[in-house]
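Here's the structure we're looking at; comments come further down.
Just so it is clear: chains get the letters A, B, ... in the order the sequence lines come, proteins before strands, and each one is counted from 1. Heavy-atom basis, side chains included; hydrogens, waters and symmetry copies ignored. Every value quoted in this text rests on a predicted model; they were computed, and no experiment measured them.
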Amino acid sequence: MFNEFINTLIDILKGSGFAAFFIGDGWKYAVMIAISCGLLYLAIVKKFEPLLLLPIAFGMLLANLPGAGVYHPELWVLTGDGIDFGRVLHDGGVLDILYMGVKLGIYPPLIFLGIGAMTDFGPLISNPKSFLLGAAAQLGIFFAFFGALLLGFTPQEAGSIGIIGGADGPTAIFTTSKLAPHLLGPIAVAAYSYMALIPFIQKPIMRLLTTKKERAVRMTELRTVSKTEKIIFPIGVTIIVALLLPDAAALVGMLMLGNLMKESGVVERICKTAQNELMNIITIFLGLTVGATTNAESFLNFKTLGIVLMGLIAFCFGTAGGVLFGKIMYITSKGKVNPLIGSAGVSAVPMAARVSQMVGQEEDPGNFLLMHAMGPNVSGVIGSAVAAGVLIQMLG
Amino acid sequence: MLLMDYNLGFTVTFTGIFIVFMMLVFLVAVLSIFGLVSKMGNKKVKKVSVTETATEEKKPIVEAVNKDIDSEQVSPEIIAVISAAVATMYMGSSKKPVIKAVKRSETRPAWATAGVYKNTRAF
């Protein structure tokens, strides 16, 4: 009887997750758990984009607990007949079911709906030239794409890595889920980590590429935008962008729907839902499931290092592209445009605009660039969605 | 590691940059035209309202009727704040509201009233 007791205990231990650490490559799970704890520290203590990094880190933790069975990467391997969703529904865990929202491209457009409902496009409408700064800041995407190709990534992987430079989490997830879903985890972690580091990445580049005189430029007050303009803007942009680039329709369309709900003023209840409850629910599901895709096989390899490096290059080139175009506008406008607002063309709203404000105030404490920088900032959201559409169309 | 397909790399890079720029340049043009049309429309409205009010005596937008105000319950500062808030609401409108009375509410507190209104209005 004592032997049976010991044997039962041994069997339980052998079947536990602890034993799995010592079988084959099981040690990688322990490494991933340690990384997830590190990311949780960054999210909670250092407050690095906690709204997304916390669920991503916890999803990573859940997916790398051996034997937990909340996520099954083998269910999402593409076969000749595509994904067997029937098998997912039958054999999948909770995160497999929730992951369908990522795989089917549902969550990112819904996040964009919430973003649109919280965005004021007034500064952009009053100064349409801000669109050009938003376009210039997307240069980082394509430079990083080229760099990733040089490193040996496939074109689809390179496109997914390049989109990190758009500084837009939902866009990066949407593009990667279509082009290179096996890289979703590392790309999402890289994208959100770099977005949290924007003040540290952008400031040295902005100071390097501008002179004191340029940084001190005070811009003229923006004109008042009428309610009619704010209502027609989302409708017009949706029609124009969706007709010219259908692959961007999902993201841009939902962004503009959210904005129209906000500006029309006649659907306050659903607008509030989009801004709050819907956004929060989708954020939880998206973060959790994206984190779950970061299993040891997909994360602990040299490709992840390449993604981290190229992601940083994408951010740096995007910032540089926006600032340099800002300098061109400074010259052509005879000193009326402050080049610092160009760096806000990366679509990390509103952090990038705040960075422009902070750097401008270092030269002139009375210089308020925030609203001027919001124009390029929100145009960057549209620009990154357009760039994503281009990449999906050309590489998908 | 070497680039496997320079052709694809250059094609996607330059085409992508070109398309993004052209798309946003097009949006700039459309918005600029729309902005001009909007400005022209506003100028016409301003001309009409300027000629209409040119002969009128300048009056304050909001007129407070002091005799209706119970000064024991509502201080002049509160009346001034309420007047400023009402004036801001009607700024740019052709309507000129007149505050006839400011009285302290004796029934349900304002926040509670707002909550009841929000929860009972039609869907």
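- Scanning residues 308-322 of chain A against chain B with a 4.5 Å non-hydrogen threshold yields no residues.
- Residues A:Val390 and B:Thr15 form no side-chain contact, since every pair of their non-hydrogen atoms from C-beta on lies 4.5 Å or further apart.
- Here the straight-line distance linking atom CD1 of B:Ile19 with atom CD of A:Gln393 works out to 7.0 Å at 0.5 Å rounding.
- Interatomic distance, A:Leu149 CG to B:Phe10 CZ, rounded to the nearest 0.5 Å: 10.5 Å.
- Using a 4.5 Å cut-off between heavy atoms, B:Phe26 contacts chain A through its side chain alone, with no backbone atom that close.
- Within the 4.5 angstrom heavy-atom criterion, no atom of A:Val225 approaches chain B.
- Distance OG/B:Ser32 to CG/A:Asn127: 9.0 Å, rounded to 0.5 Å.
- Counting heavy-atom pairs closer than 4.5 Å to chain B, the top-ranked of the candidates A:Ala136, A:Gly383, A:Gly134, A:Ala158 is A:Ala136.
- Taking CZ of A:Phe143 as the reference point, atom CD1 of B:Ile17 lies at 5.0 Å (rounded to 0.5 Å).
- Taking OG1 of B:Thr13 as the reference point, atom CZ of A:Phe146 lies at 5.5 Å (rounded to 0.5 Å).
- Contact count against chain A (heavy-atom pairs under 4.5 Å) is highest for B:Val28 among B:Leu8, B:Val28, B:Thr11, B:Val30.
- Taken from CG in B:Leu31 to OG in A:Ser379, the straight-line distance is 10.5 Å, to the nearest 0.5 Å.
- Of the listed residues A:Ile232, A:Leu395, A:Val237, A:Ile125, the one with more heavy-atom pairs under 4.5 angstrom with chain B than any other is A:Ile232.
- Across all non-hydrogen atoms, the minimal contact from A:Met394 to B:Val12 is CE-CA, 3.9 Å.
- Here the closest non-hydrogen pair linking A:Ala135 and B:Leu24 is CB-CD1, 3.5 Å.
- Aromatic pair B:Phe21/A:Phe325: centroids less than 6.0 angstrom apart.
- The environment of A:Lys129 atom NZ is sparse: at most 12 non-hydrogen atoms of other residues, nucleotides or ligands sit within 6.0 angstrom.
- For residues 223-269 of chain A, the set of pairs meeting the ring-ring contact (aromatic ring centres under 6.0 Å, His included) definition, not counting sequence neighbours, comprises A:Phe121-A:Phe233.
- Nearest heavy-atom pair, A:Ala387 versus B:Val20, reported as atom, atom and distance to 0.1 Å: CA-CG2, 3.8 Å.
- With a 4.5 Å cut-off on non-hydrogen atoms, A:Leu245 touches chain B through its backbone and its side chain both.
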